Undergrad: 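One structure, as structure tokens, below. Some questions next.
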Amino acid sequence: QTLISNANNVNQLKEIWKELMKDTAAGVKVFSGKGGVMMRLVESFDEFDVDAESKTELWNQICACFSESQPDGTTKFNIKNLLAMKPQGKLRVGQTDNGRLDSIGNLIIQRFLLMKHDYAIKAIKVCFMQQLDGPFIEGMAMDSAGSRTIEVITRDCDFYNEGEKRDMIGRKLIGRWVSLAKNGSGSRIVEAWIDAAKMPEKVKIMREFANKRRELQNDRFGRIIIRNLKVDLFFDNETQWKKEEEARLRKDEMVKEFLQDDDDTKNKKQSKKTKEPKPERTGNAMSEELEVLRFGIGKKRDKKRKRDEVKKEKPTVEDEGDKEQYIDNIMSALQGGDVTDKKEKKAKKKKRKVET
């Protein structure tokens with residue numbers, strides 16, 4: 001696993017993969033021992049974004065390791081073996097047949113679903129519809145490992161966008177929703193399934209809950225389902241429940257659109273912040289900038305020189321009587337003229353105004 005994690009490029013990863021899975025017998029040995037190695041290999045295929053052909057080849061190799069021989073002499077992949085981590089239908093080393101599903105096998109399926117590899121998704125879809133019956137899916141939803149796979153199917157990938165195929169799974173769970181709601185893992189699946197379902201399917205499931213309302217109230221997980229899905233409101237007024245559910249869906253859509261718009265505006269702001277390289281300054285433009293700089297530096301230098309002259313010429317105050325003369329001298333030094341002359345000019349100007 002460390003070698004796989006530390007692979008620097010796709011070629012190194014493929015070298016490890018080719019040696020581990022040189023044939024079906026070698027793959028079965030790997031799965032019979034530490035299945036975590038194969039899980040890490042699948043994760044790395046997703047992280048390195050390996051080409052689609054190699055992903056297809058890896059999926060076919062995994063299917064071969066979990067195939068069973070048929071009466072006609074052929075072999076067929078059984079997804080139950082992968083979910084329970086039984087290569088070729090046999091128990092792994094140190095594994096006991098307790099009927100529970102294996103976390104590593106479920107994680108491998110989840111990875112193939114999340115990497116959006118079409119070939120593997122179609123194969124998993126067909127296996128779910130053909131090989132898994134209602135009791136098995138119910139047990140899978142109640143299993144801590146299997147429930148995660150169903151949650152990924154329901155929420156995180158486009159597994160059942162087509163209504164017909166989704167209904168095929170939903171029909172297998174008719175009459176089993178109440179037992180799922182009373183289980184810790186199953187109640188999470190119920191909420192995820194109803195959240196992703198369309199209104200007719202939601203109403204069918206809610207009617208099951210409304211008919212077994214008291215049974216759910218006596219269970220700790222069932223009480224959570226009653227509260228979160230508003231089963232009491234559905235029981236009292238089905239029409240009002242539909243209106244509130246449609247309003248909630250519209251609100252969720254508005255929030256998604258708002259978040260999408262927010263992301264778009266952030267991306268625009270970031271693109272604006274990226275400054276364009278400044279054009280090179282040559283010839284007249286550069287000389288003009290230098291002249292402006294020189295003019296500004298010269299003005300600053302003149303102001304500093306004047307301040308220094310004022311400081312040098314600043315008279316000292318010997319007593320209180322010389323304060324007025326001291327202020328007049330400072331003003332004359334700053335303004336470059338005699339203060340008394342200015343006062344006389346102001347008085348004459350005022351007198352002329354009065355006369356006119």
Side-chain angles (χ1 to χ4, degrees), residues 83 101 106 109-110 113-114 121 124-125 128-129 132-259:
L83 290 168
L101 301 179
N106 280 273
I109 292 176
Q110 290 167 34
L113 290 170
L114 293 174
I121 289 176
I124 295 168
K125 190 188 297 185
F128 259 78
M129 290 187 293
L132 305 185
D133 56 4
F136 188 91
I137 294 173
E138 181 185 0
M140 186 177 175
M142 292 183 180
D143 187 83
S144 58
S147 62
R148 297 290 179 186
T149 303
I150 296 180
E151 194 171 354
V152 169
I153 288 169
T154 308
R155 280 184 174 159
D156 299 330
C157 73
D158 302 328
F159 191 86
Y160 286 115
N161 272 353
E162 303 159 24
E164 183 185 350
K165 293 181 174 61
R166 183 185 169 85
D167 288 343
M168 289 180 72
I169 294 291
R171 283 198 294 270
K172 290 180 180 181
L173 291 173
I174 289 173
R176 306 178 191 276
W177 291 109
V178 175
S179 59
L180 287 176
K182 294 192 294 181
N183 179 270
S185 300
S187 61
R188 189 176 64 248
I189 298 303
V190 168
E191 291 189 37
W193 192 276
I194 287 183
D195 192 49
K198 293 181 179 179
M199 188 57 72
E201 189 179 4
K202 287 182 182 182
V203 171
K204 286 180 185 177
I205 299 170
M206 291 298 293
R207 281 174 184 162
E208 281 193 36
F209 293 149
N211 294 332
K212 301 278 185 170
R213 195 163 51 112
R214 292 195 176 176
E215 186 180 336
L216 290 172
Q217 284 175 343
N218 295 327
D219 184 83
R220 58 173 182 162
F221 297 113
R223 285 193 291 272
I224 296 171
I225 290 293
I226 286 176
R227 182 191 65 202
N228 292 350
L229 301 183
K230 299 181 181 179
V231 177
D232 290 330
L233 176 62
F234 182 88
F235 181 78
D236 295 332
N237 192 339
E238 185 176 326
T239 307
Q240 183 63 27
W241 182 88
K242 286 180 182 178
K243 287 180 181 178
E244 291 191 9
E245 184 66 15
E246 287 170 356
R248 184 186 68 81
L249 292 173
R250 283 196 300 271
K251 186 178 177 183
D252 290 345
E253 285 295 325
M254 288 172 65
V255 169
K256 285 179 183 176
E257 288 177 7
F258 175 77
L259 292 173

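These numbers come from a predicted model, not from an experiment.
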Undergrad: Working to the nearest 0.5 angstrom, can you tell me the gap between Thr149 OG1 and Ile189 CD1?
TA: 9.0 Å

Undergrad: Supply the atom-to-atom distance Glu138 CD to Lys172 NZ, rounded to the nearest 0.5 angstrom.
TA: 13.5 Å

Undergrad: Which residues satisfy the side-chain contact (heavy atoms from CB on, under 4.5 Å) test with Pro135, sequence neighbours excluded?
TA: Asp133, Arg176

Undergrad: Can you name the residues that form a salt bridge (charged side-chain N to carboxylate O under 4.0 Å, His left out) with Lys242, not counting sequence neighbours?
TA: Glu238

Undergrad: Give, for atom CD1 of Ile194 and atom CD1 of Ile205, the distance between the pair rounded to the nearest 0.5 Å.
TA: 4.5 Å

Undergrad: Quick one: does Met140's side chain get under 4.5 Å of Asn106's, heavy atoms only?
TA: yes

Undergrad: How would you list, by chain and number, every residue that makes a salt bridge (charged side-chain N to carboxylate O under 4.0 Å, His left out) with Asp252, sequence neighbours excluded?
TA: Arg248

Undergrad: Holding to side-chain contact (heavy atoms from CB on, under 4.5 Å), I want the full list of residues that pass it with Arg148, two or more places apart in sequence or in another chain.
TA: Gln110, Glu151, Arg188

Undergrad: Donor-acceptor pairs under 3.5 angstrom involving side-chain atoms of residues 224-235: please list them, not counting sequence neighbours.
TA:
{"from": "Asn228", "atom 1": "ND2", "to": "Glu191", "atom 2": "OE2", "distance (Å)": "3.1"}
{"from": "Lys230", "atom 1": "NZ", "to": "Glu244", "atom 2": "OE1", "distance (Å)": "3.2"}
{"from": "Asp232", "atom 1": "OD1", "to": "Arg213", "atom 2": "NH1", "distance (Å)": "3.1"}

Undergrad: Output all residues satisfying side-chain hydrogen bond (donor to acceptor under 3.5 Å, both in side chains) with Lys202, sequence neighbours left out; order by chain, then residue number.
TA: Glu245

Undergrad: Measure the spacing between NZ of Lys212 and CG of Asn218 and express it to the nearest 0.5 Å.
TA: 12.5 Å

Undergrad: Return the set of residues passing side-chain contact (heavy atoms from CB on, under 4.5 Å) with Arg250 (not counting sequence neighbours), or none when no residue passes.
TA: Glu246, Ala247

Undergrad: The criterion is side-chain contact (heavy atoms from CB on, under 4.5 Å); which residues satisfy it with Lys182, sequence neighbours excluded?
TA: Val178, Glu215, Leu216, Asp219

